[in-house]
Amino acid sequence: MRTVDLRSDTVTRPSAKMREAMYKAEVGDDVYGEDPTVNKLEEIAAHAVGKEAGLFVCSGTMGNLLALLAHCGRGDEVIVGSESHIVVHEQGGVAALGSIHPRMVPTQPDGTMRLDEVRESINPDDIHAARTKLLCLENTWHGIPVGLDYMTEACELAHANELKVHLDGARIFNAACALGVSAGTVAADCDTVQFCFSKGLAAPMGSALCGDKDFIKYARRLRKMVGGGMRQVGIIAAAGIVALETMVERLAEDHANARILADGLSNMDGLTVFSEAVHTNMVFLKVNRPGCTNSDLLQRMAERGVIGGEEGKHGIRLVTHYGITEDDVKEALLQIQNSLAEIGERAVAVSNPT
Ligand code: TLP
């Protein structure tokens with residue numbers, strides 16, 4: 001049976017060019033700063049997001065954690081969206097490992113936080129209050145590119161109050177593609193940014209944390225502390241270089257496929273599709289049929305070879321990525337239609353027992 005795995009762009013496999021580059025990679029001990037492939041990756045990663053220096057880390061989670069550890073001390077406060085990845089999907093690592101207090105501001109449906117609420121969350125210099133040190137932004141958020149005007153205004157507000165800004169830009173190249181600008185422009189006003197090689201860019205692992213030289217020097221120290229000092233890791237970094245060189249331009253294909261998917265799903269009875277929010281590679285939908293749940297649909301789809309994910313109150317998430325063709329999207333649409341018919345029949349049978 002053909003499988004179309006739409007759970008996440010993390011399921012991508014490295015391209016042939018990546019595997020070849022990994023095989024041939026020149027390596028050294030990166031904890032001594034002697035891996036030439038890592039050094040090259042860190043340089044081009046920083047350049048790609050318009051920052052002075054970069055640090056290769058194991059994962060997006062590690063990149064965000066190191067950024068927060070570097071920006072904040074024990075007991076300091078970070079302002080962060082209530083529906084951000086840092087809050088929802090990183091096990092509260094900033095509090096558990098960093099003793100940093102997350103001050104949550106509600107994330108709006110477009111991925112922003114209201115700036116008046118951000119302003120009100122900045123603590124005064126008061127003996128009762130934690131010291132607010134950092135504002136965290138996320139772009140894209142749930143596949144939604146956050147506008148440049150907002151990015152600038154949020155950063156200006158933070159900087160006017162002596163806060164730094166960290167951007168969780170796990171999918172910053174998707175944001176840049178959708179906004180029609182460079183990743184450097186998206187991150188321009190942020191002090192630091194983390195982006196992933198292992199999502200839409202299809203590398204097997206790794207993220208880059210980028211910022212100014214002093215910040216990266218400190219983050220490099222902290223990376224060793226959290227056990228992220230790696231050795232001949234040029235073997236992995238080589239794939240990251242190929243990712244930046246060959247995978248950025250093609251993200252537009254994933255966005256086009258997500259649009260085809262969203263439009264096809266919108267024509268199906270029994271689904272609520274958040275189609276107008278599809279600007280990059282993610283489609284969110286909910287089952288809208290009495291007696292049927294999102295899990296019912298996902299289970300039927302999986303039996304038919306189409307794998308999706310469930311994202312709590314956001315419903316079912318389907319993500320297009322490298323390795324998913326327009327033909328795969330059409331196959332997914334067909335199988336989702338069939339799955340819907342099946343769960344519909346079952347719901348009718350349950351409500352009309354004979
Ligand atoms: N997101 C994963 C899961 O953790 C949900 C996914 O499939 O989307 N920031 C953002 C915005 C992310 O979406 C992710 C991964 C991360 C950080 C963490 O990256 P990793 O998984 O490399 O630690």
Side-chain angles (χ1 to χ4, degrees), residues 5-14 45 49 55-69 78 80-94 96-97 102 107 110-113 136-146 151 165-176 178 183 186-187 190 192-210 223 226-228 230 233 236-237 239-240 243 251 254 258 277-284 298 307-324:
D5 190 345
L6 300 173
R7 276 172 301 173
S8 180
D9 45 14
T10 59
V11 303
T12 44
R13 307 285 157 84
V49 291
L55 179 69
F56 187 49
V57 297
C58 303
S59 64
T61 303
M62 183 182 277
N64 285 336
L65 175 65
L66 293 181
L68 272 74
L69 289 175
V78 53
V80 61
S82 58
E83 293 294 322
S84 63
H85 195 275
I86 288 175
V87 166
V88 180
H89 286 297
E90 298 181 14
Q91 287 197 31
V94 296
L97 305 172
T107 304
D110 62 357
T112 65
M113 291 171 270
C136 280
L137 305 175
E138 186 173 320
N139 200 356
T140 59
W141 175 81
H142 283 243
I144 297 177
V146 175
M151 296 293 292
V165 181
H166 172 65
L167 174 62
D168 178 354
R171 296 184 179 84
I172 193 171
F173 293 100
N174 296 86
V186 177
C190 303
T192 61
V193 53
Q194 176 279 123
F195 73 85
C196 298
F197 300 106
S198 60
K199 309 281 173 327
L201 303 188
M205 71 174 274
S207 283
L209 175 60
C210 302
R223 183 186 68 175
V226 303
M230 299 180 282
V233 72
I236 306 291
L251 291 174
D254 298 341
V278 178
H279 298 289
T280 65
N281 65 335
M282 292 188 188
V283 181
F284 286 86
L298 280 167
I307 314 180
E310 205 162 358
E311 282 280 303
K313 67 180 181 190
H314 301 284
I316 292 174
R317 185 182 76 163
L318 303 177
V319 186
T320 53
H321 51 80
Y322 174 67
I324 296 293

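Counting convention: from 1, in listed order, for ligands and their atoms alike. All values derive from a computational prediction rather than experimental measurement.
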Task: Candidate with minimal heavy-atom separation from atom 22 (O) of ligand 1, of S198, S207, G60 - done: G60
- [ ] Measure from atom 19 (O) of ligand 1 to every heavy atom in H85, K199, R7 and give the option owning the shortest one.
- [x] K199
TODO: Check each atom of ligand 1 against the heavy atoms of E90 and keep those under 4.0 Å away; list them by number with element.
DONE: 17 (C)
Open item on the list: If we ignore hydrogens and angles and just use 3.5 Å, is the side chain of T61 paired with the main-chain N or O of E90 as donor and acceptor?
Closed with: no
Task: Smallest separation among heavy atoms of H321 and D5, with atom names - done: NE2-O, 2.8 Å
TODO: Return the orientation label for the H314 and H142 ring planes: parallel under 30°, perpendicular over 60°, tilted otherwise.
DONE: tilted
Task: Sub-4.0 Å atoms of ligand 1 with respect to non-hydrogen atoms of E138 - done: 11 (C)
Open item on the list: Taking distance alone, with N or O pairs closer than 3.5 Å, would you say E311 contacts ligand 1?
Closed with: no
Open item on the list: Show the nearest heavy-atom pair for residues T280 and A178, with the distance to one decimal.
Closed with: CG2-CB, 3.8 Å
TODO: Considering non-hydrogen atoms only, spot the tightest contact between L68 and C136 and give its length.
DONE: CD1-SG, 3.8 Å
Task: Numbered atoms of ligand 1 (with element) below 4.0 Å of S59, judged on heavy atoms - done: 22 (O), 23 (O)
Open item on the list: Please list the nearest protein heavy atom to atom 8 (O) of ligand 1 with its residue and the distance rounded to 0.1 Å.
Closed with: R171 NH2, 2.8 Å
- [ ] State whether the shortest distance between N or O atoms of S8 and N or O atoms of ligand 1 falls below 3.5 angstrom.
- [x] yes
Open item on the list: Does the plane of the ring in H89 sit parallel, tilted or perpendicular to the ring in H85? Use 30° and 60° as the thresholds.
Closed with: tilted
- [ ] State which residue, out of T320, D9, D254, fulfils the side chain to side chain donor-acceptor pair (under 3.5 Å) condition with N281.
- [x] D9
Open item on the list: What I want to check is whether the side chains of Q194 and H166 have a donor and an acceptor closer together than 3.5 Å.
Closed with: no
TODO: Please confirm whether M62 comes under 4.0 Å of ligand 1, counting heavy atoms of the residue only.
DONE: no
Task: Proximity flag R317 to ligand 1, non-hydrogen atoms under 4.0 Å - done: yes
TODO: Indicate yes or no: does an N/O atom of T61 lie under 3.5 Å from an N/O atom of ligand 1?
DONE: yes
Task: Protein contact of atom 9 (N) of ligand 1 - nearest heavy atom, named by residue and atom, plus distance - done: D168 OD2, 2.7 Å
